[in-house]
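Counting from 1, the numbers follow the sequence of the chain as shown.
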Amino acid sequence: MPFVGRTAALAVLHEAAGQGRNLVLVTGPAGMGKTALLVKFAEEYGRNDILWGTCWGDAPALWPWTQAVPQLKELARIEDRLELFDAISRCITKTVVILDDLQWSDPSSLALIRYLMGAPHLDRLLILGAYRDDESNADLAALSTAAQRLPLRGVARSEADELIDTAAKPWADSIYERSGGNPFFLRELSQVVASGGAVAGVPRAIREVVSRRLARLSGGCVQTLEAAAVAGPRPLPDVLAEVLGVPPTQIAEHIEEATGVLSLAGFEHDLYRESIYASLSASQRVELHHLIAQALLRRCERGAHVHPAELAGHFTLGVAAGGPEPALRWALSAAAADRARFAFAEAAGHLARARDAAVAAGMALSKPDLVNMLAVEAADRLRAADPRTAQGLLAQAWELASEIDDPEQLGMVALGIERIGARFAMPRHDLIAVLDQAQAVLQGTETAIEAQVTAALARQLQHSVPSERPRSRPLAQRAVEIARALGDPATLADCLLAEHDCLWTPGTAPQRLPIAREIAVLAQLSADSERHAQALLLIANALLENGSPGFRPALAEYFHHGGQLHQARQQYLLRTREAALAILDGDAERGEQLSREAAAMGEAISDPDAGNVAMSQRLELIRLSGDPIALRQFAAEAVRWWVGVPAHAHAVAAGFLARAGDLDEARQELDLVRSMGDWRLDRSYLWSVFIGEMTEAAVRLHDRPFCAELLAELLPVADACAVNGALVCFMGANAHRIGQLYAALDQPAQARQWWQRALQTHRVLGARAWEKSSREAMGDDRPVFVQDGQLWQLSYEGRSAILRDAKGLRDLATLISRPGVDISAVDLAAAALIDSTAPILDRAALASYRQRLRDIDEQLTASRDDIGRHMRLTDERETLLAELRQATRPSGESRNLGMTTAERCRKAVTARIRDTISRIKPVLPELAVHLDRSIRTGLSCRYDPITTDQAKA
């Protein structure tokens, strides 16, 4: 077909190629000339500089990229999706990639396009895609929002004549009107008319064109075309030969005979293949699909590469001829292959098509087979962030599994339902009923599935409402007992997770930490990446509850391993914990941004607990803001949201209303909580929030009796930190709230002692906002030392002064910046380790010092008008004289070191700190007194204002 018109579209493509990184999508109906435009561009740009791939239905994941990047077959062993995408990007040596027929693309191929558009090393890459916009899908629509779209419509009437056969020119207007300017339809209709046919509807005309062409071909050639149309876009001569029962040489002859319709590269246009396929009867198509599947299977047995998706597709479409067993078997194999490449939606698609095809063919699958297919597909749907579909599939599986006498299948489905999850602290009666039923039929089997179901039931009971929790602990212990007897790492990891969660009450982090570590080891042994990442998060959480800075490397390891899972839910979980870390670090703005992003991600994947997580992080962000309006609004929202745990909801409302100054309303909420007789019983991981907000309300209401009750609740967990959920949000050290309660009980000494402990914990953890809260609670007004060149500005208790630079000021600034930390005098002095028996200064050094003093004296005389230079020379002269006095005897000879380096540093640092404090006293006497009391010098130096000021009090 000649290339007609499209000069403007061609210019757009060349312009895009010169702009650096770009994505252009050419759209239009079938036959509109999209491929012709891409071919013309490739000819003009240079075919050798272009990678080309074409999509087709039911192909393996990343099929167009497999064609465009030959090395992709070798990279298939890479399991990590991001690593695979990065490896593919490193293999792209051309500046242009063309991907045709994207309407048939798999989601992973589109995801790779998005990845490459952000790859920094491909800043000169142009990706050209083409697809039928009337056959688009949601993934393509999302991709097109980030692309430059180039829609193709019919050619102009003036351009159409070049495509119309000479003999059909008299009917050119009618042909153009019927074709709508579609180039392919124009040419084919004109050939129909030229050969004596009538201008009719376009679809019928195209079928007539194909029929006329086939009528001129031999019967064997037509059979080859029909088999090729069923086989796919590109013919495999050995497969076609086996299907038709002829030698491969005869297939080659038939392909040559069909020139203009079919070549070894495929059909000249998809409409030819689609028309031939549509012309076949349903029974012909089924039989051909089955024969092609068998031929592909034998090709695979001969050592040729055949992707399981090809076999799954043909066995599925030929299920009426070959039965459901091979279709199901290869669908499971194709799903496993795509799942290994993190293509979860594609994996689920194989299973759904096989199942639907069997049902449509009237073939009853066995209930066990159908239960298994539904459960496996549901797991892939869940990983692909489609929990609603997964839930529907599992509901069908549960109904079927309940009808057959197979406890293990019932347990498998129950575990699938449990994985969907539920909102924390809300009744989950339906889910618990499912697990109860499965556990009852499995009880006594001593199998892995019994242990797993028992553990799942224990976890769901623990995370439900308080009344359900007493049943959980014995079940978890039973599950672990069975699992340890079996010796299966994966099962034991599942059961230990239940034991961990049933222990999850305030102050139990030391007991949970070794369990979480064992889960991590077992998950690695069983190659369970999801469970391993979960265990790493639990380790980080336990360390944070213990007040250990080791939570940071543990959390970093979680971020690393969780990021490699490439599941939508895992990406959501990572974002929530990134938000939690930002809030802990005191970066409220970034924390809020990340939390909002996470909430949107959680909503998009329908995560059942996304709302709880968002509320928990908002709670801390609003507390930090101190905005009375926001505090009041959140108090009301908390009551509406946490309806499953009313004591918790009203405790939050009490604390936030008290902060906002609404004390009467806070009193009502607090009284409501106390009226619930079981408020002390709910000790889930929400307890840290609950007790904290109760403390806030009681302290601000000056409710001394209740403060005493709360103090009794907190003292047993005084050494722990409050962490909401699995590191969803850090809520401060319990010692801080104990300090608040002692202060409310008029025991200031004890209050300061506990605030000091909280302050130290917050400093170690890097919890800046909470560190500030603890310092403010103690009234700790720390001095501020700011250096500006040769000058220092000192501020304390609202007064400031400026002093010239001195080593003692630097020492003090270092100590004040690290309160409560011992710093060695050697570090402060930055002294080198030297031989104590050697002279401090040899003769050459003494001569050099004395010569420099003479030079300085001369320069001082000449620099009287330059005040800055005069001051610097004076300081240097004083320093040299001090060092000479220390290094020489009265006779002028050099002294030996005599004492150790550490001792020399102790004396030097002590002297210059005390000298500096004496210089501060005339200008800031209060600061001098404070420093004199709070600075301790010696071999180790320390700034400890709290202890000193407390003793003073």
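Taking 4.0 Å as the cut-off between side-chain N and carboxylate O, Asp238 and Arg302 count as a salt-bridged pair. Using a 4.0 Å cut-off between charged nitrogen and carboxylate oxygen, Arg484 and Glu446 do not count as a salt-bridge pair. A salt bridge is defined here as a Lys NZ or Arg NE, NH1 or NH2 lying under 4.0 Å from an Asp or Glu carboxylate O, and Arg341 with Asp106 fails to meet this definition. Under a 4.0 Å N-O distance rule, the pair Glu530/Arg383 qualifies as a salt bridge.
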| task | Go through the steps to decide whether Thr447 and Glu450 satisfy the test side chain to side chain contact (heavy atoms under 4.5 Å, CB included), and finish with yes or no. | result | CA-CA 5 Å; Thr447 57; Glu450 181 192 353; 3.6 Å; yes
| query | Should Glu346 and Ser108 be marked as a side chain to side chain contact (heavy atoms under 4.5 Å, CB included) after you check the CA-CA gap, both sets of side-chain angles, and the distance that decides it? | reply | CA-CA 8 Å; Glu346 294 90 334; Ser108 294; 3.0 Å; yes
| task | For the pair Leu415 and Ile449, evaluate side chain to side chain contact (heavy atoms under 4.5 Å, CB included) and give the outcome as yes or no after the intermediate values. | result | CA-CA 9 Å; Leu415 289 174; Ile449 195 76; 3.6 Å; yes
| field | Steps toward side chain to side chain contact (heavy atoms under 4.5 Å, CB included) verdict (Arg569, Leu573) | value | CA-CA 6 Å; Arg569 185 169 187 272; Leu573 293 175; 3.5 Å; yes
| message | Would Gln511 and Thr508 count as a side chain to side chain donor-acceptor pair (under 3.5 Å) here? Give the steps. | response | CA-CA 5 Å; Gln511 290 77 47; Thr508 61; 5.0 Å; no
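One finds the CG atom of Leu431 at 9.0 Å from the OG atom of Ser464 (value rounded to the nearest 0.5 Å). One distance of note links OG1 of Thr445 with CD of Gln443; it measures 9.0 Å at 0.5 Å rounding. Note that the CG atom of Leu461 and the SG atom of Cys502 stand 8.0 Å from one another [nearest 0.5 Å].
In this structure a side-chain-to-backbone donor-acceptor pair under 3.5 Å is present from Gln617 to Thr576. Side-chain atoms of Ser616 come within 3.5 Å of backbone atoms of Asn612 as a donor-acceptor pair (strictly under, hydrogens ignored). Using a distance-only test at 3.5 Å, with no hydrogens or angles considered, no donor-acceptor pair links the side chain of Gln477 to the main chain of Glu499. Between the side chain of Asp386 and the backbone N or O of Arg381 there is no donor-acceptor pair closer than 3.5 Å. Checking side-chain atoms of Gln570 against main-chain N and O of Gln567 turns up no donor-acceptor pair under 3.5 Å. Without hydrogens or angle criteria, Trp56 side chain to Trp104 main chain gives no donor-acceptor distance under 3.5 Å. Remark: the backbone N or O of His463 is paired with a side-chain donor or acceptor of Arg428 at under 3.5 angstrom. Checked by atom type and distance alone, the side chain of Arg339 never pairs as donor or acceptor with a backbone atom of Asp380 at under 3.5 Å.
By the 4.5 Å heavy-atom criterion applied to side chains, Gln571 and Ile605 are not counted as neighbours. Counting heavy atoms from C-beta outward, Trp504 and Leu538 have side chains that approach closer than 4.5 Å. Proximity of Glu481 to Arg478: side-chain heavy atoms (C-beta onward) are separated by under 4.5 Å at one or more points. By the 4.5 Å heavy-atom criterion applied to side chains, Glu518 and Leu492 are counted as neighbours. Counting only heavy atoms from C-beta outward, the side chains of Leu317 and Val230 never approach each other to under 4.5 Å. Side-chain contact between Glu545 and Leu513 is absent, with no heavy-atom pair separated by less than 4.5 Å. Side-chain contact between Asp436 and Arg471: present, with at least one pair of heavy atoms (C-beta onward) separated by less than 4.5 Å.
Glu399 and Glu403 get closest at one heavy-atom pair: O-CG, 3.3 Å. Taking every heavy atom of both residues into account, Ala309 and His350 meet most closely at CB-CE1, 3.6 Å. The heavy-atom pair separating Ala231 from Leu240 by the smallest distance is CB-CD2, 4.3 Å.
Remark: the Gln391 side chain and the Arg388 side chain contain no N/O donor-acceptor pair separated by less than 3.5 Å.
The one candidate from Arg459, Arg512, Gln462, Arg473 that meets the side chain to side chain donor-acceptor pair (under 3.5 Å) condition with Asp501 is Arg459.
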Expected list for residues 325-334: side-chain donor-acceptor pairs under 3.5 angstrom, two or more places apart:
{"unit_1": "Glu325", "atom_1": "OE2", "unit_2": "Arg329", "atom_2": "NE", "d": "3.0"}

